[in-house]
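This one's a predicted model, so the numbers in the text were calculated from it and none came from an experiment. Side-chain atoms are counted along with the backbone in the values below, which use heavy atoms only and exclude waters and symmetry mates.
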Amino acid sequence: MLRSAAVLFLLALPLTALAAQLHITDQQARRIDADVMAIMRRSGTPSATILVVDHGHVVYRHAYGLRDREHKQPATIDSHYEIGSITKQFTAAAILQLQESGKLHLDDKLSTYLPDAPHAGEVTLRQLLSHTSGMPEYLDAVEADNAIDKPASFDKLVSYIADKPLDFPSGTRWSYSNTGYLLAGRVIEVVSHQSYRHYIQTHLLDPAGMTHTFTVAEESRAPAMAVGYDRKGGHVEPAPTIAASVGWAAGFLVSTVDDLQKWNAALQSGKIITAADYALMSTPISTEQGDAGYGLGLFVDRIDEQPRIGHTGGSLGFTTANEYFPKQAMQIIAFTNFVDNPEPGETITTAIFEDLNPAIASAATRPNSGENTAVTAKVEAFFPQMQAGQGYSPLVAAKLKKKMQAGLAKRLASEFKDYGRPSAFIFKGTHIQAGKTFYDYVIRFGPGSLLRFGIALDVDGKIASISMG
């Protein structure tokens, strides 16, 4: 089926690119198209739609492949895709709007608005939005119950985590949790006296001019709606749709690349929230463990040593990415209708950024000074073993080996086997964490596909710890 997906992709005629040749050259456009198609072929992704904005001007749009394989319907630049967790920035902006109007405060305890919610007296709204609350993940329990595509009430969803302890004391760590956004959505309803759906329509979508954005419950109204796909038993098959009431404020929006760019422009220009509050969204939270790499509804990190602000989205059958590079004043959006690891959406945005910034991309492939070639050789030997799920390796210290054999090896193989063969291991320096010195690398696999990876050695030179991301 993967081979068939690639054939169908090659038979599909992508639309002619709508390129305002303001900054994009024909050569750059060809490179972008080649890299996007290579990523799609490698992962089996049926379709992708991209948009590139440079200094506020749309300079490139393109659609690739089939939004619906079964009916051989090509993707267009107007195709609708589920955008998953990109929804979170809408929820965060809504909370900030309500703070601006004096109806709540980020540092209020959740109990002020939802006194009966689990751990309501222990967590603040800011912690919910920044993933530092320690709230256990409700979607894990929903998936375990095989109910992710079944409608559920807010109370039913909360019941999944009602008796679970916090994963860690609030504010001390960062850990991605959809539960924070489930609860924030309900706070919006309590404070505004409107449904979450109505609030975001009237206070966010309408002011931004987003006339082509819906929810997963309204996909039948969305023109040229893409079908989501997943890999099951080695075959690419249509995926179910997450229930709107389950994804909700954590991830239930459906949009087009142009409509999402209207949101980006409105959010960044002060049309939705004040400039000070946008700065708050895009400033990383600090915890006891340091910079969390996340603000309020937005990741704040670096790629190729360049600042990046944005969010990815993953739902059942879709992966998307909405990334802003402030130093280059460049926004890159990629929608895909496939779930894979690494995520096709983010991989495509990274590839496009490097295609348009070749000097930056070239510099990123140069190792930092101070490389220990013996350590690099260990990383190069160990990583393929890890991808293969090898529980025993002579390179690994006894304590880590025990963890690998107890199940860690299987989990790591599941996470990284689909990355494929590494093409380069690039030394990026060292850092100290918990008293251990980690040797840090960027592993590259192909266009846009890279992984931050590090190892710490024991006194005998064995791999005692690994770090990723």
Side-chain angles (χ1 to χ4, degrees), residues 83-110 112-114 117 122-135 137 168 170-192 196 199-200 203-205 207-208 247-253 260 263-302 307-313 321-324 326 331:
I83 64 172
S85 287
I86 295 174
T87 303
K88 288 181 172 66
Q89 58 195 263
F90 293 80
T91 302
I95 291 287
L96 288 168
Q97 277 188 345
L98 292 168
Q99 177 173 259
E100 289 174 9
S101 63
K103 295 180 180 178
L104 54 73
H105 194 278
L106 281 174
D107 293 318
D108 289 340
K109 294 289 189 183
L110 178 61
T112 306
Y113 311 101
L114 302 179
E122 300 171 72
V123 303
T124 66
L125 303 185
R126 188 188 302 270
Q127 291 165 346
L128 294 177
L129 298 180
S130 61
H131 300 294
T132 59
S133 68
M135 279 287 187
E137 177 57 71
F168 51 83
S170 297
T172 62
R173 289 175 48 195
W174 185 91
S175 181
Y176 195 87
S177 172
N178 289 287
T179 305
Y181 280 80
L182 172 74
L183 296 167
R186 182 62 181 141
V187 169
I188 291 167
E189 294 189 324
V190 169
V191 172
S192 69
Y196 174 80
Y199 185 92
I200 63 167
H203 292 81
L204 304 179
L205 304 184
W248 202 46
F252 78 159
L253 289 179
L260 187 59
W263 166 254
N264 293 330
L267 182 65
Q268 294 166 11
S269 68
K271 198 170 187 178
I272 303 297
I273 55 176
T274 66
D277 274 346
Y278 176 69
L280 190 62
M281 286 184 69
S282 54
T283 299
I285 292 288
S286 293
T287 71
E288 293 178 0
Q289 295 185 327
D291 184 333
Y294 198 94
L296 304 177
L298 292 169
F299 284 97
V300 187
D301 59 7
R302 302 178 76 84
R308 180 177 65 174
I309 302 167
H311 218 290
T312 55
N322 181 31
E323 307 289 5
Y324 181 61
Q331 188 90 37

Original post:
Taking C-beta and beyond as the side chain, do Ile95 and Leu296 meet within less than 4.5 Å on heavy atoms?
Top reply: no
Original post:
Considering only heavy atoms from C-beta outward, does the side chain of Leu106 approach that of Thr124 to under 4.5 Å?
Top reply: no
**OP:** Please work out whether the ring planes of His131 and Tyr181 are parallel, tilted or perpendicular, with thresholds of 30° and 60°.
**Re:** tilted
**OP:** Could you verify whether a donor N or O on one side chain and an acceptor N or O on the other, from Tyr199 and Gln97, lie under 3.5 Å apart?
**Re:** yes
**OP:** Would you indicate whether the side-chain heavy atoms of Leu204 and Trp263 approach each other to under 4.5 Å?
**Re:** yes
**OP:** Considering non-hydrogen atoms only, spot the tightest contact between Ala208 and Ala266 and give its length.
**Re:** CB-CB, 3.8 Å
Subject >> Stepwise side-chain contact (heavy atoms from CB on, under 4.5 Å) check, Gln268 with Ile309 >> reply: CA-CA 11 Å; Gln268 294 166 11; Ile309 302 167; over 6 Å; no
Original post:
How long is the span from the CG atom in Leu183 to the CE atom in Met135, to the nearest 0.5 Å?
Top reply: 5.0 Å
Original post:
Does the side chain of Leu125 reach to within under 4.5 Å of the side chain of Tyr113, using non-hydrogen atoms?
Top reply: yes
Subject >> Distance-minimising heavy-atom pair for Ser192 and Leu98 >> reply: CB-CD2, 4.4 Å
Subject >> Nearest-0.5 Å distance that lies between atom OG in Ser282 and atom CZ in Phe299 >> reply: 14.5 Å
**OP:** Taking the side chain as every heavy atom from C-beta outward, state whether Leu280 and Ile273 have any atom pair closer than 4.5 Å.
**Re:** no
**OP:** Could you tell me whether a side-chain N or O of Thr132 sits under 3.5 Å from a main-chain N or O of Gly171, the two making a donor and an acceptor?
**Re:** no
Original post:
Which heavy-atom pair separates Gly295 from Ile285 by the least distance, and what is that distance?
Top reply: O-CG1, 3.9 Å
Original post:
Are the side chains of Glu323 and Thr312 in touch, meaning some heavy atoms are under 4.5 Å apart?
Top reply: yes
Subject >> Atom of Asp277, atom of Gln99 and distance for their closest heavy-atom approach >> reply: OD1-NE2, 4.3 Å
**OP:** Heavy atoms only: give me the nearest Gly185-Ala249 pair and the separation to one decimal.
**Re:** CA-CB, 3.7 Å
Subject >> Residue pair Gln89 / Asn264, side-chain heavy-atom distance below 4.5 Å >> reply: yes
**OP:** Keeping the roles fixed (side chain from Glu137, backbone from Asn178), state whether a donor-acceptor pair exists under 3.5 Å.
**Re:** yes
Original post:
How about Tyr294 and His311: are their ring centres within less than 6.0 Å of each other?
Top reply: yes
Subject >> Under 3.5 Å side-chain donor-acceptor pair for Thr91 and Tyr196 >> reply: yes
Subject >> Shortest non-hydrogen contact between Ser133 and Ser170, atoms and distance >> reply: O-OG, 2.7 Å
Original post:
Just how far is it from atom CD1 of Ile188 to atom NZ of Lys103, taken to the nearest 0.5 Å?
Top reply: 12.0 Å
**OP:** For Phe90 and Leu253, run side-chain contact (heavy atoms from CB on, under 4.5 Å): C-alpha distance rounded to whole Å, both residues' side-chain angles, the deciding distance at 0.1 Å, then the answer.
**Re:** CA-CA 10 Å; Phe90 293 80; Leu253 289 179; 3.7 Å; yes
Original post:
Which is it for Thr283 and Val300 under the side-chain contact (heavy atoms from CB on, under 4.5 Å) test, yes or no, and what are the steps along the way?
Top reply: CA-CA 7 Å; Thr283 299; Val300 187; over 6 Å; no
**OP:** Quick one: pull up CD in Glu122 and CD in Gln127 and give me the separation to the nearest 0.5 Å.
**Re:** 10.0 Å
Original post:
Stepwise, does the side-chain contact (heavy atoms from CB on, under 4.5 Å) test hold for Asn322 with Gln331?
Top reply: CA-CA 7 Å; Asn322 181 31; Gln331 188 90 37; 2.9 Å; yes
**OP:** Please examine the side chains of Trp248 and Arg186, heavy atoms only from C-beta on, and report whether any two atoms are closer than 4.5 Å.
**Re:** yes
Subject >> Side-chain donor-acceptor contact under 3.5 Å, Ser85 with Tyr176 >> reply: yes
